Every structure is written in structure tokens, then in C-alpha cells.
Number of protein chains: 2
Amino acid sequence: MSWAPCAAQTPNAYVADCPTRVVLDRISDKWAVLILGLLAESPMRFNQLLRTIQGISQKMLSKTLKNLERDGFVTRTVAPTVPVTVEYAITDLGRTLAATVDPLRLWAQTHFDAVLDAQRRYDASAAGTA
Amino acid sequence: MSWAPCAAQTPNAYVADCPTRVVLDRISDKWAVLILGLLAESPMRFNQLLRTIQGISQKMLSKTLKNLERDGFVTRTVAPTVPVTVEYAITDLGRTLAATVDPLRLWAQTHFDAVLDAQRRYDASAAGTA
DNA sequence: CAGAATCCTCTCTGATACTG
DNA sequence: CAGTATCAGAGAGGATTCTG
């Protein structure tokens with residue numbers, strides 16, 4: 001709902017770029033990338049993720065996992081043990097996404113200081129402006 | 001405020017990865033990537049961007065540009081013409097970010113169908129589950 | 001263990017009106 | 001032209017409670 005940018009009819013390729021927005025929206029999920037990264041290392045169970053991430057609510061974990069599963073990035077496997085056991089694992093598709101997002105992590109680490117510097121400069125001059 | 005994941009003390013590298021989150025949060029700004037992409041092609045003025053993007057509100061454009069400027073991704077240049085003219089341009093830092101995000105665009109375009117397929121399958125089976 | 005359902009708050013965002 | 005200020009609605013997300 002409300003895919004405004006998709007309706008834009010400008011000749012610019014970036015504007016009408018819907019698939020990109022879909023992906024970016026998933027990436028922007030505060031926890032999605034984090035979970036994907038964890039699952040890329042090894043499959044995990046629900047409460048295991050809940051404990052590992054620590055800061056995520058049960059609701060958000062549930063919701064995020066559901067989204068990731070829906071997009072085909074992770075699989076959900078239920079083992080009919082006594083207290084039911086559910087394991088989440090990354091898919092091949094999810095793995096390619098994780099691999100694509102990874103450079104962003106490196107960029108962030110590399111340019112983090114530059115960004116912080118820019119912010120400090122901006123805030124300093126903005127203080128005088130206001 | 002509320003940087004929960006930063007507070008997590010797990011041994012996993014992904015969890016405490018703050019710079020990544022900062023970058024992802026900026027990327028997740030619905031319009032930030034779009035604007036950055038436009039400015040990467042050529043500098044633009046405020047209303048020019050407003051008209052080009054078409055679907056963004058003036059408020060969001062203003063806010064997003066301010067954020068991008070604060071992070072050092074774009075510059076804001078005021079020309080003291082009769083009705084004041086403001087030009088926004090991408091910086092070198094912004095350009096490296098745009099370049100890093102670009103693979104994500106390609107990934108999105110390449111795997112968009114796979115994601116849609118996964119969603120359809122999920123929705124179909126979910127219908128039976130519910 | 002692995003969630004679903006409920007409540008409630010707080011932010012994001014759009015629409016509208018005003019300014020230099 | 002290039003914004004800022006204000007109001008109001010929608011939705012994200014946390015805390016808590018309950019279930020199979």
C-alpha cells in the first residue's frame with residue numbers, strides 16, 4: 001500500500017525503481033539484516049535468537065522472521081519434539097542477499113568516522129545558525 | 001536514542017555492529033537513496049527535486065535533505081539571487097555510499113521475481129494454515 | 001519452547017497554512 | 001523559490017498476558 005514512488009512517471013531510472021524499494025524496505029527492517037547475518041553463520045531457534053540479539057522484543061523477532069520467511073530468505077522448520085522445536089535457517093536466496101549487503105557493512109565501518117565528523121561540523125554550524 | 005543493539009554484549013560481531021546500523025538507518029530512509037541517486041547524476045534545486053520525485057511531500061524532502069547534508073552526503077549551496085536559489089549536490093562521501101548501495105539495486109532487480117515467487121508460495125500455504 | 005493477542009505509547013508522515 | 005510551523009492520522013514497536 002502507498003507505493004508512491006512507483007507511481008512516479010519521470011524519465012529517471014531511479015525514481016520508478018520499485019524492486020529496489022522493496023529490497024531496501026526489507027533491509028531497513030531494524031533487525032532483518034542482523035538476523036540474516038546471524039543465520040548466515042548457523043541455523044538458530046527462536047528463543048536462541050531472542051537471547052542472542054537481546055534488545056529485540058519477542059514481537060519484533062516473530063514479525064521479522066515471518067517477513068524473512070515470506071520473502072524466501074529463511075526457512076522455518078518445526079521438529080515435533082516434546083516441547084516443539086523450531087529452527088530457522090538461511091536460504092540460498094537469503095545468502096546472496098546477505099552477501100550483497102555485506103559491502104555496506106564494510107562501507108559503514110570504513111566511513112563511520114567521516115560521517116560522525118560531518119555530523120559534528122553540521123551540528124556546530126547549525127548551532128550558530130539557529 | 002534507544003540504540004538497543006549497541007548495548008548487546010554478545011560475542012557475535014553482527015550484534016554490536018553499530019556503524020552498520022547507522023548506515024542502514026540512513027539507507028532505510030524511504031527517500032534518501034532515491035535522492036542520493038538523483039543527485040549523483042547532477043545537482044538539483046529544492047523544487048526541482050520535489051517535482052522530479054513526485055510522491056514525496058515537501059516536508060519529507062526537506063527533512064531527508066537535511067539528514068543527508070548532516071551526514072556529509074550532500075552539500076547545500078545558497079545563491080543570493082532575487083528569489084533565493086538553493087542547489088543540492090552530492091559529495092565524494094555520498095558518491096562512495098551511492099556506489100556501495102548500487103549493487104543492492106542490481107540484486108533487487110535480479111532477484112525480484114524470486115522474492116515475489118517466495119511471497120506467493122508463502123501466502124498460498126499460509127491461507128491453508130490459517 | 002515458540003509463539004499469538006492485547007493494550008498503549010510514541011514516532012513518522014502527510015496535509016495545510018504561513019514566511020523571507 | 002525554499003523552506004518552517006502546526007495539526008492530525010496511521011502505524012511501528014514495547015510490555016504484558018495467555019496458549020499449545
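Bear in mind the structure is a predicted one, so any value in this text is a computation, not a measurement. Per chain, numbering begins at 1; letters A, B, ... match sequence-line order.
Whole-Å rounding puts the B/L61 CG to D/dC1 C1' distance at 13 Å. Rounded to whole angstrom, the span from the CZ atom of B/R26 across to the P atom of C/dC12 amounts to 11 Å. When rounded to the nearest whole Å, the span between CG of B/N47 and P of D/dG3 equals 9 Å. We find that CD1 of B/I35 is positioned 14 Å from C1' of D/dA2, with the value rounded to whole Å. Taking atom CD on A/Q48 and atom C1' on C/dG3, their separation rounds to 16 Å, with Å as the unit. When rounded to the nearest whole Å, the span between CZ of B/F46 and C1' of D/dG3 equals 6 Å. Atom CG of B/L50 and atom P of C/dT16 are 14 Å apart (whole Å). When rounded to the nearest whole Å, the span between CD of A/E87 and P of C/dG3 equals 12 Å.
For B/N47, the side chain to side chain donor-acceptor pair (under 3.5 Å) test picks out no residue, with sequence neighbours left out.
Contact annotation: A/Y88 side-chain N/O to C/dC1 OP1/OP2 distance is not under 4.0 Å.
When each of D/dA2, C/dC1, C/dA2 is scored by its nearest atom to the side-chain atoms of A/R76, the top-ranked nucleotide is C/dA2. Here the nucleotide nearest the side chain of B/S62, chosen from D/dC1, D/dG3, C/dG3, is D/dG3. Among the nucleotides C/dA2, D/dG3, D/dC1, the one closest to any side-chain atom of A/R45 is C/dA2.
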Report all interatomic pairs (protein N or O, nucleotide N or O of nucleotides 12-15 of chain D) with separations under 3.5 Å.
residue	atom	partner	partner atom	Å
D/dG13	N7	A/K59	NZ	3.3
D/dG14	OP2	A/S57	OG	3.0
D/dG14	O6	A/K59	NZ	2.3

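Put simply, the side chain of B/Y122 reaches to within 4.5 Å of the side chain of A/K66, judged on heavy atoms. Using a 4.5 Å heavy-atom cutoff, the side chains of A/I27 and A/L97 are in contact.
Checked for salt-bridge contact, A/D123 and A/R120 miss the test: no charged N lies under 4.0 Å from a carboxylate O.
Taking both residues in full, the closest heavy atoms of B/I90 and B/A98 are given as CD1-CB, 4.4 Å, listed atom of the first, atom of the second, then distance.
The backbone N or O of A/T81 lies less than 3.5 Å from no partner atom in the side chain of A/T85, so there is not a single donor-acceptor pair. Using a distance-only test at 3.5 Å, with no hydrogens or angles considered, no donor-acceptor pair links the side chain of A/S62 to the main chain of A/Q58.
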